[in-house]
Amino acid sequence: MKRRIEIIRSPHAGYCFGVKRAMRLIGQGSGSPDGIVYTLGDVIHNPPEVARLRAKGVRPVSSLDEMPAGATLVLRAHGVHPDLVRDAERRGIRIVDATCPFVQRSQQFVRKFQDESRRAIIIGDRGHPEVRSIAGHAGADVIIMKTIEEAETLEPLERAGIVIQTTFSRPEAERIIQVLERTIGDARVHDTICQATEARRDATLELARRVDLMLVVGGRNSSNTNGLYQLCVAVGVLTKFVETADEIDPAWFKGVRRIGLTTGTSTPDWIIDEVTAKLDDVACDRTEE
Ligand code: F3S
């Protein structure tokens, strides 16, 4: 007889708006003459989905040199450096822009900072593709930082404009901005944190506080999924991170009465369905909220 374990799925599981839109544009781009759609790097941070897309003709490459003239290139949700778009156009490559509209908004803000003679500051991780794409629109003297220590060492500035990586933690960003405002004479701050990400984090946190085990599903290379995992660990609940259903070990559920299920923004529905089916196999009584 099966044990009765309640499975509660976060109301914010699955693709976010920007990833959903990017995947739809990839589908449209697949009508390209050679049937191949190119992406620079992986279009999303989810290896099983990237592998599935590859089988359908979506080919990740590391540079434009790997694409023939006339090829179709889909820009991923994080966006790209504007020089790359210009280069692609020169080569006769057709661009399908799947940059998330929220990222495009940050790109527009930093371009405007230049018109207003403001030094652009991006609060975020300089290695993240989104931050690199925004920095490309911000001019050569852009400042990127992600810690209070970095904010404290900033030279005084007369005028600056600040945007924030869409997936950055709000409390952390607020602390950094407080420090920056002490050294910038005239600071314009645009709150560019993605609310969909915040809602996902809040729902995950709320769920983690009332279950015995949190299952976080997403790509290991996905920073927002890793962020959700860290959030659950910080709550002190037993937390497991899986990329696919195959990784689920029934031994984890010994003595567990309630499981919370959350996912990163680039986790496709088919993986969530497989995970849920596997959980149903080892448990029962699934509750949707
Ligand atoms: Fe866009 Fe927010 Fe997703 S910025 S790509 S909707 S996490």
Side-chain angles (χ1 to χ4, degrees), residues 15-16 18-104 106-107 110-111 122 124-140 142 144 146 165-168 194 197 218-227 241 243-244 264-268 270-271:
Y15 286 159
C16 64
V19 171
K20 224 180 256 174
R21 178 175 171 274
M23 300 309 272
R24 183 168 40 80
L25 289 170
I26 283 190
Q28 288 168 8
S30 59
S32 66
D34 56 0
I36 298 172
V37 171
Y38 292 87
T39 61
L40 278 165
D42 292 337
V43 68
I44 55 170
H45 288 147
N46 189 281
E49 177 62 4
V50 169
R52 192 191 69 87
L53 289 171
R54 194 188 285 261
K56 289 179 161 288
V58 178
R59 188 174 298 171
V61 290
S62 51
S63 92
L64 297 179
D65 295 338
E66 295 169 59
M67 293 176 215
T72 299
L73 168 66
V74 179
L75 307 183
R76 55 188 181 177
H78 297 312
V80 297
H81 195 290
D83 286 351
L84 190 136
V85 175
R86 283 190 280 271
D87 192 8
E89 283 168 352
R90 262 198 306 272
R91 293 168 184 241
I93 290 169
R94 179 178 154 247
I95 303 271
V96 177
D97 190 357
T99 308
C100 175
F102 298 139
V103 177
Q104 287 180 14
S106 298
Q107 294 173 342
V110 296
R111 281 200 301 268
I122 305 171
D125 180 351
R126 72 186 71 243
H128 194 281
E130 176 197 321
V131 172
R132 291 206 305 264
S133 89
I134 298 168
H137 289 260
V142 59
I144 305 171
K146 65 171 186 179
Q165 183 179 337
T166 54
T167 49
F168 207 77
C194 171
T197 311
R220 291 212 163 71
N221 54 348
S222 153
S223 59
N224 78 83
T225 315
N226 277 290
F241 188 145
E243 228 167 50
T244 63
T265 54
S266 47
T267 305
W270 66 267
I271 292 185

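The figures that follow rest on heavy atoms only: side chains count, while hydrogens, waters and symmetry mates do not. Computed from a predicted structure; not experimentally measured. Position 1 is the first residue of the sequence, and the numbers go up from there.
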Looking at [atom1] of [X] and [atom2] of [Y], how far apart are the two atoms once the value is rounded to the nearest 0.5 Å?
X: His137; Y: Asp83; atom1: NE2; atom2: CG; answer: 9.0 Å
X: Ser222; Y: Asp42; atom1: OG; atom2: CG; answer: 12.0 Å
X: Leu73; Y: Asp97; atom1: CG; atom2: CG; answer: 9.5 Å
X: Arg76; Y: Ser266; atom1: CZ; atom2: OG; answer: 11.0 Å

Do [X] and [Y] have side chains that get closer than 4.5 Å, going by heavy atoms?
X: Leu40; Y: Met67; answer: yes
X: Thr197; Y: Cys16; answer: no
X: Asp125; Y: Phe168; answer: no

* Can you tell which of Val37, Leu75, Thr72 makes a side chain to side chain contact (heavy atoms under 4.5 Å, CB included) with Val96? -> Thr72
Minimum heavy-atom distance between [X] and [Y], given as atom pair plus value:
X: Gly219; Y: Pro47; value: CA-CD, 3.9 Å
X: Ile26; Y: Thr39; value: CD1-CG2, 4.5 Å
X: Ser106; Y: Ile134; value: CB-CD1, 3.6 Å
X: Ile95; Y: Ala88; value: CD1-CB, 3.6 Å
X: Ser133; Y: Val80; value: CB-N, 3.4 Å
X: Pro60; Y: Val50; value: CG-CG1, 4.3 Å

* Is it true that the side chains of Asn224 and Thr167 contain a donor and an acceptor less than 3.5 Å apart? -> no
Are the side chain of [X] and the backbone of [Y] linked by a donor-acceptor contact shorter than 3.5 Å?
X: Glu89; Y: Arg86; answer: no
X: Arg132; Y: Gly127; answer: yes
X: Glu243; Y: Pro48; answer: no
X: Gln104; Y: Thr99; answer: yes
X: Arg126; Y: Val131; answer: no

* Asked: Should the pair His45 and His78 be assigned to parallel (<30°), tilted (30 to 60°) or perpendicular (>60°) ring geometry?
  -> tilted
* Step by step, work out the side chain to side chain contact (heavy atoms under 4.5 Å, CB included) result for Leu53 and Met23. => CA-CA 10 Å; Leu53 289 171; Met23 300 309 272; 3.5 Å; yes
* To do: State plainly whether the residues Glu49 and Arg52 are in salt-bridge range, i.e. N to O under 4.0 Å.
  => yes
* Before accepting this row, confirm whether a basic side-chain N of the pair Asp65/Arg91 lies closer than 4.0 Å to the acidic partner's carboxylate O. => yes
* Might you work through the side chain to side chain contact (heavy atoms under 4.5 Å, CB included) test for Val74 and Val58, ending with a clear yes or no? => CA-CA 9 Å; Val74 179; Val58 178; over 6 Å; no
* **Residues Tyr38, Ile93; criterion side chain to side chain contact (heavy atoms under 4.5 Å, CB included); working and verdict** => CA-CA 10 Å; Tyr38 292 87; Ile93 290 169; over 6 Å; no
* Can Cys100 and Thr166 be said to form a side chain to side chain contact (heavy atoms under 4.5 Å, CB included), step by step? -> CA-CA 10 Å; Cys100 175; Thr166 54; over 6 Å; no
* Take atom CZ in Arg220; do more than 12 heavy atoms of anything else shown fall under 6.0 Å from it? -> yes
